[in-house]
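Here is the structure we will look at.
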Amino acid sequence: MRGRDYTARCREIGQVLSAAEKNFSAPAKCGGGAPAFIKPAPTAVPASCLSSPGNCVMRNTLGIAGQSIMKKGVHLLMESVITRFPPSPTGFLHIGGARTALFNWLFARHHGGKFILRIEDTDVVRSTDEAIKAILDAMEWLELTWDEGPFFQTQRLEIYREYLQKLLATGHAYYCECTPADLEERRQAALAAGRKPKYDGRCRDRELGPGPNRVIRFRCPQVGTTVLNDLIKGPILFDNAELDDLVLQRSDGVPTYNFAVVIDDITMEITHVIRGDDHVPNTPRQILIYQALEVPLPHFAHVPMILGRDRAKLSKRHGATSVMAYQEMGYLPEALVNYLVRLGWSHGDQEIFSREELIEHYSLENVGTSPAVFDPEKFLWLNAHYLRARRPESLVPLVRPFLAARKYPDKPADYLAKAIPTLQPRTHTLVEMADAMKFYLVSEITCDPAAAKKHLSPAMIEPFTKLIHSLEKLDGFDEAALEHAFQEVAAAFSLKLGKIAQPVRVALTGQTVSPGIFEIVNVLGKETVLERLRRGLDYMRGH
RNA sequence: GUCCCCAUCGUCUAGCCCGGUCCAGGACACCGGCCUUUCACGCCGGCAACACCGGUUCAAAUCCGGUUGGGGACGCCA
């Protein structure tokens, strides 16, 4: 579950930290005066890692912040949890994003904390209003309710500028006039020479001021080690020499993602950053920004990705990845939630979870470390499960749009509510249910010719005639009465019930596969049943 | 190329921290059977995995080292 070198990393981290402490007392100079030492923020590493490396495998989801508060003697004041989900509105909400949102939501709800929705729209070119709406719709469909927001980064530019000034003033940031074309050229050259394609620091010490087409870069320490103490993966060490001076503000004055997230997470007082592990490489850079700003770190928890069948990052070519596409395919939100939560998280052998159970049991400790393959088969099974679990009446408004799309005649809700239970055990999605419902709704059924030929043979003329007679005499269509009538006919012709049921099924539904005969008769009602049986008779007689 | 992460049935996973209770448990899918008016549902049973190599140990899926494989990141995207 945890990486094999986990303990080794814990041990290493102990060394790194003691080295960092030494540096702390005698800060070295680096570049343009930025501190070169690593100053682990109080929340960066659990105390257990420092004191006894062997113990640091104990993951504590609340992290050390809670503990340090306790140490100060404020026993009742536990750190309250604030999480966030920050999609960028460049497309619909996809499966992976939904799981991230769900994990954040669950974590916040479990701890009685807050869940914030933030729209990361700093990429003004690619962000669209449609995407924002699509994301909000999907969040609502999944009932991932947020307590604050949605906030928009483009409306917070003043805040970013303020922090940027601080970094500039303390020498942690500088202006750079390298053009994208130049940068690209140098990147390619570095790649060709087998070096890491990082920024070469050309403008680092030029002490440029503001100017047109200039960006602001972060002055990244080039010595030392940055520690990411991940709540899921454990400690991860990064050599600062691997990092480069990332752009904080574009030449058009809009901040970049890596800077905006940090500032937002600081100002929104986010305590736990739970996100996909494709963000791991960004994290040391972000940590360095926190440290330059001298603010405490939030806890980081990086959850493994969701992969497609071929074990590559899940994408469109693996099929539908949009949350709302699944709604259109007739999936239930509770099924998606349950499926998604089990991708990377578990609670013993339990497969089915109600919302309440999820909130009760969810914890970061039970999030796995290896990536998970999205399995449409299991998702379908779960959906079928939840379809069966629903009260039929609650399904009426959900199937209706699918019925309408098929242009089936509209029927009253109570009629649909009677038909639905007969289909619940036999269908996996609302789409299948709508399709299967056809014969309950149309006035004229379409009959499968092969089925008609096989089952509506002249031999059935007499049994059908007798059946019609006895059904005509029946007052109520309760199951017992129906069964009695059918058994009587069967007995009269010394046929097994199946011999008569199958032709009746074909006459009533046009198919050889359907819900139980008595169920169908009960839903359809006397009039329709008799009419269809008579039509069956007509067919047998060669009409 | 460089850095980082990951590794139990085909898939999702339990077990791994605290070695023996694991010739590895559950679920999906698949295959049988039962139930039965068709098809389902349900129930019962079956198939199927500790990536590899070393080390530590009386004992390793579990601890350590390495190898291989897979994935991710290296943007004035997020």
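Chain letters run A, B, ... following the sequence lines, proteins first, then strands; residues in each count from 1. Just the heavy atoms: all of them, side chains too, but no hydrogens, waters or symmetry mates, feed the values below.
- Contact annotation: A:Arg309 does not reach the phosphate of B:rG10 (side-chain N/O to OP1 or OP2, under 4.0 Å).
- When each of B:rA73, B:rA14, B:rC28 is scored by its nearest atom to the side-chain atoms of A:Ser346, the top-ranked nucleotide is B:rA14.
- In terms of phosphate contacts, A:Lys313 brings a side-chain nitrogen or oxygen within less than 4.0 Å of OP1 or OP2 of B:rA73.
- For A:Arg250, the side-chain atoms get nearest to B:rC77 when compared with the rest of B:rC77, B:rC6, B:rC28.
- Using C1' as the reference atom, B:rA49 and B:rA29 are 16 Å apart when rounded to the nearest Å.
- Across all strands shown, A:Asn282 has heavy atoms under 4.0 Å from base atoms, whether or not it also approaches the sugar-phosphate.
- Nucleic acid contact class of A:Phe486 (heavy atoms, under 4.0 Å, all strands): none.
- Annotation: A:His279 is in aromatic contact with A:Tyr257 [ring centroid separation under 6.0 Å].
- Checked against B:rG1, B:rU11, B:rU37, the side chain of A:Phe518 finds its nearest nucleotide in B:rU37.
- Of the candidate nucleotides B:rC41, B:rU11, B:rA78, B:rA78 has the atom lying nearest to any side-chain atom of A:Glu120.
- Between the A:Arg202 side chain and the A:Cys178 main chain, no donor and acceptor come within less than 3.5 Å of each other.
- When heavy atoms are screened at a 4.0 angstrom cut-off, A:Thr90 is found touching no nucleic acid atom at all.
- Of the candidates B:rG42, B:rC3, B:rG26, B:rG26 carries the atom nearest the A:Arg342 side chain, counting heavy atoms from C-beta on.
- Within 4.0 Å of A:Leu343, counting heavy atoms only, lie sugar-phosphate atoms of the nucleic acid but no base atom.
- At a cut-off of 3.5 angstrom, the base of B:rC76 holds no donor-acceptor pair with the side chain of A:Thr256.
- Panel note: side chain A:Asp245, backbone A:Cys220; a donor-acceptor pair is recorded below 3.5 Å.
- For B:rG1, the paired base is B:rC74 (Watson-Crick or G-U wobble, both distances below 3.5 Å).
- Scanning atom types as modelled, one donor and one acceptor separated by under 3.5 angstrom connect the side chain of A:Lys378 and the base of B:rC12.
- Both distances falling under 3.5 Å, in either a Watson-Crick or a G-U wobble arrangement, occur for no nucleotide opposite B:rU57.
- Put simply, A:His279 rests on the base of B:rA78: the two rings are less than 5.5 Å apart at their centres and nearly parallel, under 30°.
- A centroid separation of less than 6.0 Å is found between the aromatic rings of A:Tyr331 and A:Phe379.
- Of all nucleotides listed (B:rA29, B:rG26, B:rC39), B:rC39 comes nearest to the side chain of A:Arg426.
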